[in-house]
Amino acid sequence: IPVAAVAAIGNAARNGILFKGGIHLEGAATIKAIAFDKTGTLTIGRPQVTDIAPIGGPDRHEILRLAASLESRSEHPLGEAIVRKAREEEILFDSVQEFEALVGLGARGKVNGEELFIGGMRLFLERKIPVEKIHPLISSLEEQGKTTILLGNEKDVLGIISIADQLRFEAKEAVKK
């Protein structure tokens, strides 16, 4: 290994950067893009509910109550954000029967005898629940960097909850460097 590479690896290690070997250090010269796992790195790591949009039917309060009831049985970080928001607004949860986590999709369960689903667009598309009318709203929210969670039953989407994580104060400078 050339002396320059050894010196660079040592200097990088003192600054918290580890290279597996000289070839990887040399490869860094050709990097054209960097991908960050932003959660907890560039962001605070505590997602928060930013918007609750009823889609005909139940009002904002009811959407949050139903969603938090389902998510109170979930361990997903986005579900925790919904539950936290409901607690902040002092909304009581209903009990959930037949709860089932749908890996990679969301969850389902019965609240007050009604089967409800909560999750991403893919869950609703797979269940053939119509989502066409909400595409513009979802696109608008996602363009703002928000994650959208849908709440619905077998027939319709009842509401959309959007969630975002706040950037760390130093994130802009870290990316710039």
Side-chain angles (χ1 to χ4, degrees), residues 35-172 174-175:
F36 288 94
D37 176 4
K38 69 175 177 58
T39 304
T41 303
L42 299 178
T43 61
I44 292 172
R46 191 168 193 246
Q48 295 181 338
V49 172
T50 59
D51 305 273
I52 301 169
I55 309 296
D59 64 11
R60 179 196 177 283
H61 182 273
E62 181 72 359
I63 294 298
L64 184 54
R65 184 183 66 76
L66 293 171
S69 296
L70 277 174
E71 293 292 7
S72 69
R73 300 281 304 273
S74 170
E75 296 176 1
H76 196 282
L78 298 181
E80 290 172 7
I82 292 170
V83 169
R84 194 169 45 251
K85 180 70 170 174
R87 286 188 175 132
E88 287 169 7
E89 295 190 14
E90 299 179 354
I91 294 173
L92 300 176
F93 310 156
D94 289 322
S95 63
V96 178
Q97 291 78 41
E98 300 175 32
F99 177 83
E100 179 183 6
L102 305 170
V103 180
L105 297 172
R108 63 159 290 284
K110 287 189 176 181
V111 179
N112 297 325
E114 181 182 18
E115 185 172 35
L116 297 173
F117 299 91
I118 191 162
M121 180 74 82
R122 200 171 107 214
L123 170 63
F124 286 76
L125 290 172
E126 285 187 11
R127 300 197 73 83
K128 298 184 178 18
I129 299 169
V131 294
E132 297 78 27
K133 67 182 178 185
I134 60 171
H135 272 287
L137 177 56
I138 288 175
S139 294
S140 172
L141 292 166
E142 289 179 349
E143 285 171 11
Q144 297 171 44
K146 299 174 182 178
T147 299
T148 54
I149 306 296
L150 309 181
L151 173 73
N153 55 30
E154 280 287 350
K155 297 176 186 168
D156 289 307
V157 174
L158 301 174
I160 301 171
I161 299 174
S162 60
I163 298 174
D165 199 351
Q166 192 175 7
L167 283 177
R168 288 182 180 272
F169 174 76
E170 57 279 334
K172 186 175 180 180
V175 171

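For clarity, every value in this text was computed on a predicted model and none was experimentally measured.
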Task: Intermediate values then yes/no, salt bridge (Lys or Arg N to Asp or Glu O under 4.0 Å), Glu89 and Arg60 - done: CA-CA 12 Å; Glu89 295 190 14; Arg60 179 196 177 283; 2.7 Å; yes
- [ ] Could I get the full list of side chain to side chain donor-acceptor pair (under 3.5 Å) partners for Ser162, not counting sequence neighbours?
- [x] Thr50, Asp51
Task: Ile55 versus Gly159, closest heavy-atom pair with distance - done: CG1-CA, 3.8 Å
- [ ] Using side chain to side chain donor-acceptor pair (under 3.5 Å) as the criterion, list what pairs up with Arg73, not counting sequence neighbours.
- [x] none
Open item on the list: If you compare all heavy atoms of Pro54 against all heavy atoms of Asp59, which two are closest, and at what distance to 0.1 Å?
Closed with: CG-C, 3.8 Å
Task: Check ion pair Glu80-Arg46 (N to O, under 4.0 angstrom) - done: no
- [ ] Evaluate the side-chain proximity of Phe93 to Val83: yes if any heavy-atom separation is below 4.5 Å, no if none is.
- [x] yes
Task: Minimal non-hydrogen separation, Phe124 against Leu151, with atom names - done: CZ-C, 3.9 Å
Task: Heavy-atom closest pair, residues Val96 and Phe99 - done: CG1-CB, 4.0 Å
Open item on the list: On a heavy-atom basis, which atom in Ile129 and which in Glu154 lie closest, and how many Å separate them?
Closed with: CG1-O, 3.6 Å
Task: Residues Lys110, Glu115: salt bridge by 4.0 Å N-O rule - done: no
Open item on the list: Quiz question: by atom type and distance under 3.5 Å, do the side chains of Glu142 and Ser139 form a donor-acceptor pair?
Closed with: no
- [ ] Measure the CD1-CD1 distance between Ile52 and Ile82 for me, rounded to the nearest 0.5 Å.
- [x] 8.5 Å
Task: CD1-CD1 distance between Ile160 and Ile163, expressed to the nearest 0.5 angstrom - done: 12.5 Å
Task: Positive for side-chain hydrogen bond (donor to acceptor under 3.5 Å, both in side chains) with Asn153, one of Arg108, Arg127, Glu114 - done: Glu114
Open item on the list: Checking Gln166 against Thr43: is there a side-chain donor and acceptor pair closer than 3.5 Å?
Closed with: no
TODO: Can you sort out the partners of Glu126 under side chain to side chain donor-acceptor pair (under 3.5 Å), two or more places apart, ordered by chain and number?
DONE: Arg122
Task: Nearest heavy atoms of Gly145 and Ala164, plus distance in Å - done: O-CB, 4.4 Å
